[in-house]
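Worksheet for the structure shown next.
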Amino acid sequence: MDLLAGLAAVLSLPLTLAAFTWYARRARRTGSGQSLMAPFEEIWDPVAHRTHVEVHAEAQRTPETPAPGDPPEEESPGKA
């Protein structure tokens, strides 16, 4: 029984690291899972994390309204 407990303790770290590696590769390939991997990315690569936060914020911004005096946009043939 002691051998089994010792084996489980020794194998738990590599198995946990392997699971995180698998999930990170899957998340990068599919583009999902950023919320789960964000704390680890912030720890190991803070510049990449800050860049991702900025890109995500930029993607969520609404387009700016034209300022007074800006030339009107060209209307496409399908618009009335």
Side-chain angles (χ1 to χ4, degrees):
M1 193 61 163
D2 289 334
L3 179 64
L4 187 59
L7 186 62
V10 169
L11 291 179
S12 64
L13 182 63
L15 289 176
T16 302
L17 293 176
F20 274 121
T21 302
W22 170 80
Y23 184 76
R25 287 183 180 171
R26 181 178 163 265
R28 285 182 189 227
R29 187 174 51 246
T30 61
S32 64
Q34 185 59 35
S35 62
L36 181 65
M37 296 307 293
F40 299 104
E41 184 179 57
E42 186 175 6
I43 291 169
W44 297 110
D45 195 0
V47 174
H49 177 71
R50 281 186 240 126
T51 303
H52 175 75
V53 168
E54 289 296 322
V55 167
H56 188 67
E58 182 68 30
Q60 290 182 343
R61 288 190 186 121
T62 58
E64 294 182 15
T65 56
D70 282 350
E73 291 185 21
E74 295 290 326
E75 291 189 18
S76 61
K79 290 185 177 179

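Model, not experiment: these values are computed from the prediction.
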Quiz prompt | Pairwise distance OG1(T16) to CG(L11) - rounded to 0.5 angstrom | solution = 10.0 Å

Quiz item: Between atom CG of D45 and atom CZ of R50, what is the distance when rounded to the nearest 0.5 Å?
Solution: 9.0 Å

Quiz item: Can you hop from L15 to V10 via hydrophobic side chains spaced under 4.5 Å?
Solution: no

